[in-house]
Amino acid sequence: MEGPDGSGKSTQIALIKEYLEQEGKDVIITREPGGNRISEAIREIILNKDYTEMSPVTEMMLYASARAQLIAEVVGPAIDAGKAVISDRFVDSSLVYQGMARGLGVDTVYEINKVAIGKYMPDVTFLLDLPAEVGISRKKDQKELDRMEMESLEFHKKVAEGYRSLADRFPDRIKTVDATLPIDEICGIIKASVKDILSSI
Ligand code: TYD
């Protein structure tokens, strides 16, 4: 599940988990960056709002490191055991935030991440598409902002735009859903797509 900050990913993930379980799947949810001891420790460094001097390359590599550990320890073993994995953010976040919004380039960021991901690319990615202004104002209402959320509105606009261009580049894998729709409508669209995938497996 991908989308700008404040796009409602966690709500949808919980609903899709319920649906997959009704369909008899063993489901695990992971979140990035994080999801295990080492990746959570890396998360603390990445999102610490005192570390304003962090270089974009360091940031990219820390996200890739957190991802590598999550795949080695959690995602890989779960997929190998036949479980369904729903991830709150994955490599597309790096392609968009570090590759596009930070300007490192999508291809460079993908090359680095290929080492972390190996064969575990998602079957489908849902992009909860939302104007940057709406996402950030939702976040501000919820909690204190982290280092990434404190970035300028211009940065978050690049993120929202970046996601759209990534979805255009990978139309088979990335399904875009309008995140301004009511929660149950969004869930209905995602469920229909997941149902198609289940019937094709
Ligand atoms: P997020 O899921 O938004 O955490 P929370 O729900 O607690 O706010 O993710 C943290 C931030 O990290 C978010 O601003 C997006 C950013 N991010 C990247 O820049 N690159 C990445 O590869 C990932 C996974 C996240």
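Treat the numbers as computed from the prediction; the structure is a model and nothing was measured. One-based numbering, in listed order, for ligands and for the atoms of each.
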Quiz item: Is the closest side-chain heavy-atom distance between Asp5 and Tyr97 below 4.5 Å?
Solution: yes
Practice problem: May I ask you to say whether Arg31 pairs ionically with Glu40, meaning some side-chain N is under 4.0 Å from a carboxylate O? | Solution: yes
Quiz item: If you count the atoms of ligand 1 from 1 in the order shown, which ones are under 4.0 Å from a heavy atom of Glu149?
Solution: 8 (O)
Practice problem: May I ask you to list the atoms of ligand 1 that are less than 4.0 angstrom from any heavy atom of Met148? | Solution: 12 (O), 14 (O), 19 (O)
Quiz item: Identify the closest protein heavy atom to atom 6 (O) of ligand 1: which residue and atom is it, and at what distance?
Solution: Lys139 NZ, 3.4 Å
Quiz item: Is there a nitrogen or oxygen of Arg43 sitting under 3.5 Å from a nitrogen or oxygen of ligand 1?
Solution: yes
Exercise. Could you tell me the residue and atom name of the protein heavy atom closest to atom 24 (C) of ligand 1, and the distance to it rounded to 0.1 Å?
Key: Arg67 NH2, 3.5 Å
Quiz prompt | Protein residue, atom and distance nearest to atom 9 (O) of ligand 1, heavy-atom basis | solution = Arg89 NE, 3.3 Å
Quiz prompt | Distance-only donor-acceptor check, side chains Tyr120 and Asp80, under 3.5 Å | solution = yes
Quiz item: Is it true that the side chains of Asn36 and Ser39 contain a donor and an acceptor less than 3.5 Å apart?
Solution: yes
Quiz prompt | Charged N-O contact under 4.0 Å between Glu151 and Arg102 | solution = yes
Quiz item: Would a distance-only check, ignoring hydrogens and angles, find a side-chain to backbone donor-acceptor pair under 3.5 Å from Arg67 to Phe90?
Solution: yes
Quiz item: Any idea which atoms of ligand 1 are less than 4.0 Å away from a heavy-atom of Asp5?
Solution: 3 (O), 13 (C), 14 (O)
Exercise. Give yes if a backbone or side-chain nitrogen or oxygen of Arg31 is under 3.5 Å from a nitrogen or oxygen of ligand 1, and no if not.
Key: no
Quiz item: Can you tell me which residue and heavy atom of the protein come closest to atom 22 (O) of ligand 1, and the distance to 0.1 Å?
Solution: Ser94 OG, 2.5 Å
Quiz item: Counting each atom of ligand 1 from 1 as listed, which ones have a heavy atom of Asp146 under 4.0 Å away?
Solution: 8 (O)
Quiz prompt | Check: Tyr97 N/O within less than 3.5 Å of ligand 1 N/O | solution = no
Self-check item: Donor-acceptor under 3.5 Å (Gln12 side chain, Ile183 main chain)
Solution: yes
Practice problem: Can you pull out the closest protein heavy atom to atom 25 (C) of ligand 1? Residue, atom name and distance to 0.1 Å, please. | Solution: Tyr63 CE2, 3.3 Å
Practice problem: Report, in ascending order of atom number, the atoms of ligand 1 lying under 4.0 Å from any heavy atom of Gln98. | Solution: 18 (C), 19 (O), 20 (N), 21 (C), 22 (O)
Quiz item: Does even one non-hydrogen atom of Glu59 get within less than 4.0 Å of ligand 1?
Solution: no
Quiz prompt | Validation row: Met1, Ile190 side chains within 4.5 angstrom (heavy atoms) | solution = yes
Quiz item: Within the distance-only criterion (no hydrogens, no angle test), does the side chain of Ser199 pair as donor or acceptor with the backbone N or O of Lys195 below 3.5 angstrom?
Solution: yes
